[in-house]
Amino acid sequence: MLDHLTEATPLAVPLIPVKRDGLDAWLARKPAATRDWARANGFKAESGSLCFLPGPRGGLRGVAVGLDADDPWGWAALPGKLPPGGVWRIDGRLSRDEADWAAFAWMMGTYAYSDHKTGPGRDWPSLVWPAAADRAAVARLVEATILVRDLINAPASHMGPEELAAAAQDLAARHAARCRVVVGEALLNENWPAVHAVGRASDRAPRLIDLRWGDEQAPRVTLVGKGVCFDSGGLDIKPSSGMKLMKKDMGGAAHALGLAHMVMAAKLPVRLRVLIPAVENAVSGRAMRPLDVIGTRKGITVEIGNTDAEGRLILCDALAEADGEKPALLLDMATLTGAARVALGTELPALFSNDDKLAEDILRHGRRTRDPLWRLPLWAGYRRQLDSKVADLSSISDSPFAGAVTAALFLQDFVSPTTPWAHIDMMAWNGAARPGRPEGGEAMCLRALFALIAARHG
């Protein structure tokens, strides 16, 4: 998976980092011929830009690489701009953070989901490992990010509840973890009624995936991921424009598995549990209907306000189970609401938490790792909008406003006030390509959440 990071070789061509705000100073130290060459080629050291520097005999002496201190993704632009198949090395001293970013961004610049393309893939250039890089940290981040992207990018025809469960089982086997899967009608026997209600309409049986790893006496860290492998909207069927990207509706589950990989690969001293309700929200004679009432694992009855608000239903069962163990940390990740995208756009996950210290820690680690989130409120005044006349709780509010907030308030009813809990509502998708972040499935807040867990329990 780290095919494009390599050991040092005398054949490697130097890459010379030049920060945009240091371009004039860099040029001033160079011979006049180099200054003239750079200016003639329009080199302004913009992030990801290149200037090929000729050697004295017509060969290539090196390549000046434009970098911006505010954009560590500049390295990710290089694999697509440099000649294929070559080997390159960074000429200059990098800090550990800079070296890690260079190696990680380079690998992300070579990422492409091509499982269903025929023909040979692209011959990407390779980068010599930067000397200061923490290779193990880079490897687990690259592997986790690729895992998340690949799972999300897989067509729903190839990534249903069964295949998602298989991916979790493969990950468990890799790390000597245990993984149990409850399937179909067994969900009712084992008290997962909301998961069953959402997934029963599909001929692809719903599942509850339960992965456990680590010392049972260690602090309990539990990850919950929304695993709606395709969301038609159910009987309140989505329009085609809203349904097109719904293979990504298992993005929360993909993130839970990616984050779990990082925790297990780092061998953090925690007792990790991952709970993923995996379903397809389909249309059939068995589908749940608007204004149906269903049960939940916690015993709370829920009136179905809209069958397209299914993610919170499967999450509530998983959260109730997770909360019952009183974990030291409970994180859930979900592609839950369009309202969060309206509020924050597609690149910034929305963070909700019942614990101010936990929320600030997540935001702080997000800033430090350049993996930002933005906190939205669990505004108690809106909880009344989830009152139901016929059940304990309605699944949605009838108000067109604050949909991300009311969804989070629904989930909060299934978590004890004393459990440190954070809910992350994310897009998990790049709508347009940028260096290292191609259009398609995307890992969001992995770096921030891993840093949080490592700081609290590392």
Side-chain angles (χ1 to χ4, degrees), residues 4-5 12-30 34-35 37-53 61-83 86 88-111 124-134 137-138 141-142 145 344-349 363-374 430-439 442-448 451:
H4 308 300
L5 291 169
V13 180
L15 298 171
I16 305 162
V18 182
K19 292 185 178 178
R20 186 167 57 180
D21 58 3
L23 175 61
D24 290 341
W26 180 78
L27 287 172
R29 297 192 299 270
K30 298 301 173 186
T34 300
R35 293 197 298 270
W37 178 266
R39 288 166 180 155
N41 281 273
F43 182 61
K44 298 180 180 178
E46 294 173 343
S47 182
S49 63
L50 304 179
C51 182
F52 290 83
L53 303 175
R61 180 163 57 87
V63 180
V65 177
L67 295 176
D68 186 334
D70 296 326
D71 179 21
W73 286 100
W75 293 105
L78 305 192
K81 294 182 176 182
L82 292 168
W88 306 81
R89 64 176 175 84
I90 297 173
D91 184 17
R93 182 173 298 177
L94 303 181
S95 68
R96 176 183 159 180
D97 282 351
E98 290 171 332
D100 287 357
W101 255 109
F104 169 66
W106 184 280
M107 285 302 304
M108 294 301 97
T110 69
Y111 174 83
W124 294 102
S126 295
L127 177 71
V128 172
W129 273 101
D134 183 333
V138 172
L141 177 56
V142 168
T145 304
L344 300 177
T346 60
E347 299 174 18
L348 197 57
L363 296 175
R364 176 169 53 84
H365 286 296
R367 292 188 293 269
R368 184 178 65 80
T369 61
R370 299 175 183 263
D371 204 8
L373 305 90
W374 199 268
N430 292 320
R434 293 170 292 164
R437 293 150 293 176
E439 182 178 351
E442 184 58 283
M444 296 178 167
C445 66
L446 273 188
R447 301 188 299 279

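Values reported hereafter were calculated over all heavy atoms of this structure, with side chains retained and with hydrogens, waters and symmetry mates removed.
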Distance-only side-chain donor-acceptor flag, Glu439 / Asn430, under 3.5 Å:
no

If the condition is side chain to side chain donor-acceptor pair (under 3.5 Å), which residues does Arg35 pass it with, not counting sequence neighbours?
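If we apply the side chain to side chain donor-acceptor pair (under 3.5 Å) test to Arg35, skipping adjacent residues, there are no hits.
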
Distance, nearest 0.5 Å, that separates OH of Tyr111 from NE2 of His4
12.5 Å

Distance, nearest 0.5 Å, that separates CG of Leu373 from CZ of Arg367
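That separation rounds to 10.5 Å.
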
How would you list, by chain and number, every residue that makes a salt bridge (charged side-chain N to carboxylate O under 4.0 Å, His left out) with Asp68, sequence neighbours excluded?
Arg20

[X] and [Y]: which non-hydrogen atoms are nearest, and at how many Å?
{"X": "Leu348", "Y": "Pro372", "result": "CD1-O, 3.7 Å"}
{"X": "Ala102", "Y": "Leu127", "result": "O-CD2, 4.2 Å"}
{"X": "Arg368", "Y": "Ala451", "result": "NH2-CB, 3.4 Å"}
{"X": "Leu94", "Y": "Glu98", "result": "CA-OE1, 3.5 Å"}

For Trp26, does the CH2 atom have more than 12 heavy-atom neighbours from other residues, nucleotides or ligands under 6.0 Å away?
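Atom CH2 in Trp26 is packed in, count exceeds 12.
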
Would Val65 and Leu78 count as a side-chain contact (heavy atoms from CB on, under 4.5 Å) if you check the C-alpha gap in whole Å, the side-chain angles of each, and the deciding distance to 0.1 Å?
CA-CA 8 Å; Val65 177; Leu78 305 192; 3.6 Å; yes

Could you check whether Arg437 makes a cation-pi contact with Trp73, meaning its NZ or CZ is under 6.0 Å from the centre of the six-membered ring and within 45° of the ring axis?
yes

